[in-house]
Amino acid sequence: MVITRFAPSPTGGLHIGSVRTILFNWLYAKHCNGKFMLRIEDTDIERSKQEHVQDIYDTLNWLGLKWDGDVVFQLKNIKRHQEVAQKLLSEGKAYKCYCTQEELAAMRELSVKEGRTPGYERKCRDLKQELDKPYVIRLKCPITGKTEFTDLIQGHCCIDNEHLDDMILLRSDGTPTYMLAVVVDDHDMGITNVIRASEHLNNTYRQKQIYDACGWTTPEFAHVSLIHSEDGAKLSKRNGATTISEYEKMGFLKEAILNYLIHLGWNKSEEEILTIDQCIKLFDIRHVRSSPARFSMPKLLNINSIYMRAMSNEDLCLALQNFAGSDKYDHAGWERVLAGMSELKSRTRTLAELETMSAIYGNDGTYFGKIEADEATKNLFKNIIEENNWPDDIESLTAWLNEKIASHGKTLKEVAPAIRMALTKEKVAPSIFELFKVLGSKIVAKRLASSIA
Ligand code: GLU
Ligand code: ZN
């Protein structure tokens, strides 16, 4: 059975690139009828925070990417990591290295001076006797030959063993290194496919050597490229939002984010809308492109607006209440927002934009302030304010209003900007007939009156 995993270190917010990696792990597991596991790599005690662990749970739950089985905490497996290191030691596949930090630094300096690649030059590898000094455990790595594997995304990967030094498995305080912990845990969890960020590609050679030394089958690897910003640089705070919670706050729907991330670097058209079930069926990790994916805000906005328009007005109103807080407007205000939703959603791309524009309906007779208007327009406003017998349906209302405008010697084109400004204080808003209909005579009268007071 295929078993994939997401193995975050809980040291910060979840990056949008990590969400893409999670998604690929999840999709691939579902596609193969396998399992998707979650392992929290909390061995860095100083930097690991419970709030980040919670953030990981919350994000996975919000996105609907549920993991199978219990969460594995790496810190709890330390004894097992130590046991594996000791076993390699007793089998002669690892050795004790007694070099101090100072000695290592001096050796490094010498290698640089003499033009060699700096790295541990195996001083203790063939020591005959044990010393009564603190030590680390290093793996006896192969000195000649190659280490190679075929990555499902990056293709054939190969390195000459002479470029890798004898890596540390266990530090002198007995704690395992990332290299050892990740291999032991992946093995013990039965992980068949390691799908992770491409920044770990170079670690894979070392991890392969640990698998080999332990006599374990190596999982299949798939290294997912980074997400770059539109200008080609690595996505960072400076050129776009990076954590998933920032996108949530910007008012993106999770379905749209997922749909966008699925397509990013996959061989499907980026603006094609697929259901999650279709994605599960179609997804193959081998089809993910190896080149860095390019993040495009206009495309994400476009997908989000497609999703918003596809939602029923009621559902979108609920989503907006969750986003903005249902106490933002009173009951009547929310009713008006719902009544005007069709036009609101065709003019906005995110929940945040929708929230902004919804204020024209949600607030009641908010005083929007004075506007510039000529005498004829003012008279038209006064005339409308006095009327309280408006037609109900939009067609008669349109005819009625057009007639009023004409009777004051104006055209719709001339007065529409003033009316829109008086009713919404915005230059871009739903059509004025729609505004009249949704706001109703009382609120329209209040706003028109305050605009010419
Ligand atoms: N904990 C590592 C990280 O967050 C990932 C380890 C892995 O996927 O192998 O970068
Ligand atoms: Zn040494």
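When a ligand or atom number is given, it counts from 1 through the structure's own listing order. Along the sequence shown, the residues carry numbers beginning at 1.
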Could you check whether E91 pairs with K93 (Lys NZ or Arg NE/NH1/NH2 to Asp/Glu carboxylate O, under 4.0 Å)? yes
N/O/S atom of Y98 under 2.8 Å from the Zn ion (ligand 2), yes or no? no
Can you tell whether the side chains of E343 and R347 come within less than 4.0 Å, N to carboxylate O? yes
Quickly, which of F295, Y307, F252, Y247 forms a ring-ring contact (aromatic ring centres under 6.0 Å, His included) with Y260? Name it, please. F295
Which angle, to 10 degrees, forms at the Zn ion (ligand 2) with SG of C99 on one side and SG of C124 on the other? 100°
Please determine if K146 and E148 form a salt bridge, counting it only when a charged side-chain N lies under 4.0 Å from a carboxylate O. no
Listing by chain and number, which residues have a heavy atom under 4.0 Å from ligand 1? R5, A7, P8, S9, E41, Y178, V182, R196, H200
Taking only Lys NZ, Arg NE, NH1 and NH2, and the carboxylate oxygens of Asp or Glu, determine whether D165 and R138 approach each other closer than 4.0 Å. no
Would you call D284 and R286 a salt bridge, using N to O less than 4.0 angstrom? yes
Counting only pairs under 3.5 Å, give me each side-chain donor-acceptor contact of residues 212-226, with atom names and distances, residues two or more places apart or in other chains.
unit_1, atom_1, unit_2, atom_2, d
D212, OD1, K208, NZ, 3.4
D212, OD2, K208, NZ, 3.1
W216, NE1, H187, NE2, 3.4
H223, ND1, D151, OD2, 2.6
H223, NE2, R196, NE, 3.0
H223, NE2, T204, OG1, 3.1
S225, OG, S291, O, 2.9

